[in-house]
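In what follows, a structure is listed as structure tokens, so that the remarks can point back to it.
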Amino acid sequence: MRLGAFTFANCGAVRWGLGERPVETGSPEAMAAALLAGEVDVAPISLVEYLRNHDRLLALPDLAIGSDGEVLSCQLFTRGPLEDLDGGRVALGSTSRTAALLATILLTEWAGVTAEYRVEPPVLADMLRGADAAVLIGDAALVETLHPRPGLRVHDLGTLWRDWTGLPMVFAVWAVRRSTAARRPADVSAAHATLLEAARQGVRQLDEVAESLAGSGLFTREEMSRYLATLDHTLGERHLAGIRHFAKLAARHGAVPEGADLTFFGGAA
Ligand SMILES: C=C(O[C@@H]1C=C(C(=O)O)C=C[C@H]1O)C(=O)O
């Protein structure tokens, strides 16, 4: 099985736990394309991309990239209160599908804001040059959240979602193509077990993972420890309720097919 992962720190615990095992890494956009094209077999995929392609994919049980409240790396940056965005422009970072849509839904349905949305390269300073707000994910969002620019308000999308719905937010799931699962169920089962154990090990050794990620120079070890402890790698009943609620809202916005849902890989039996 060819495994994929995101280059972001949000896959740091799993990648640490995988040790020397080779893993193809890329941005969420690149990983979704690679998974759908058959260039990797098991990989994380943005929830929105999963829902759009749900008839071709199966989700792996018990593993996800999400948060129950604050996430720190899926953020909406504004200059003022959310209500001020009415009639304004929002730049959506091109690496994101789920956080971008979540921000759009929250602004429209929760804050009652009508804005114009544009997809742009994920560089905050450039995005804010031509817009009143910006949505950013991953390490770039984490840097801008831990060291906020003067004059900017940082709205955590995980927190907003929990305040609104009371539910955790799942930003990405791990998936396999249905065709691969049908042909090689035992291999998919083994890869699933490996990933679950890798996540468990990474979470158990959070300080070591933080230390290794801090080696890149972008973050301190303390910042990485805080981030990794904030992320939720699990996929339980409340997460599923969050996914289903989000899928309904997304379908209402025409962003994913009506009735799109998670179907789980059932093992090698
Ligand atoms: C928690 C995160 O979850 C992610 C959010 C994604 C999205 O918005 O489409 C896609 C993959 C994940 O990386 C993050 O990027 O920080």
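Any value given below was found using the heavy atoms of this structure, including those in side chains, with hydrogens, waters and symmetry copies removed. Every number for a ligand or one of its atoms is a count from 1 in the order of the listing.
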Under 3.5 Å, side-chain donor or acceptor atoms of residues 33-41 against the rest of the protein: list the pairs with distances, not counting sequence neighbours.
unit_1 : atom_1 : unit_2 : atom_2 : d
D41    : OD1    : R2     : NH2    : 2.9
D41    : OD1    : R177   : NH2    : 3.0
D41    : OD2    : R2     : N      : 2.8
D41    : OD2    : R2     : NE     : 3.1

Option set P44, C74, S73, criterion heavy-atom distance to atom 16 (O) of ligand 1, minimum
S73
Give the atom numbers and elements of ligand 1 that come within less than 4.0 Å of a heavy atom of [X].
X	answer
R97	7 (C), 8 (O), 9 (O)
Y227	16 (O)
P28	10 (C), 11 (C), 13 (O)
F8	13 (O), 15 (O)

What orientation do W161 and H245 show, parallel under 30°, tilted 30 to 60°, or perpendicular over 60°?
tilted
Check: T104 main-chain N/O paired with T108 side-chain donor or acceptor under 3.5 Å
yes
Taking the side chain from D86 and the backbone from T114, do they hold a donor-acceptor pair closer than 3.5 Å?
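Checking the backbone N and O of T114 against the side chain of D86, a donor-acceptor pair under 3.5 Å is found.
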Among all protein heavy atoms, pick out the one at the shortest distance from [atom]; state its residue, atom name and that distance to 0.1 Å.
atom	result
atom 14 (C) of ligand 1	N10 ND2, 3.1 Å
atom 6 (C) of ligand 1	I137 CD1, 3.6 Å
atom 11 (C) of ligand 1	F6 CE1, 3.4 Å

Verdict with reasoning, S73 to T145, per side chain to side chain contact (heavy atoms under 4.5 Å, CB included):
CA-CA 7 Å; S73 61; T145 301; over 6 Å; no
Please check if any side-chain donor atom of W16 sits under 3.5 Å from a side-chain acceptor atom of Q205, or the reverse.
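On atom types as modelled, these side chains qualify, holding a pair under 3.5 Å.
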Polar atom proximity, [X] to ligand 1 (N or O, under 3.5 Å):
X	value
A99	yes
S96	yes
F171	no

Is the closest side-chain heavy-atom distance between L85 and T78 below 4.5 Å?
yes
Can you give me the closest heavy-atom contact between F77 and L124, atom names plus distance?
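Of all heavy-atom pairs spanning F77 and L124, the closest is CD1-CD1, 3.8 Å.
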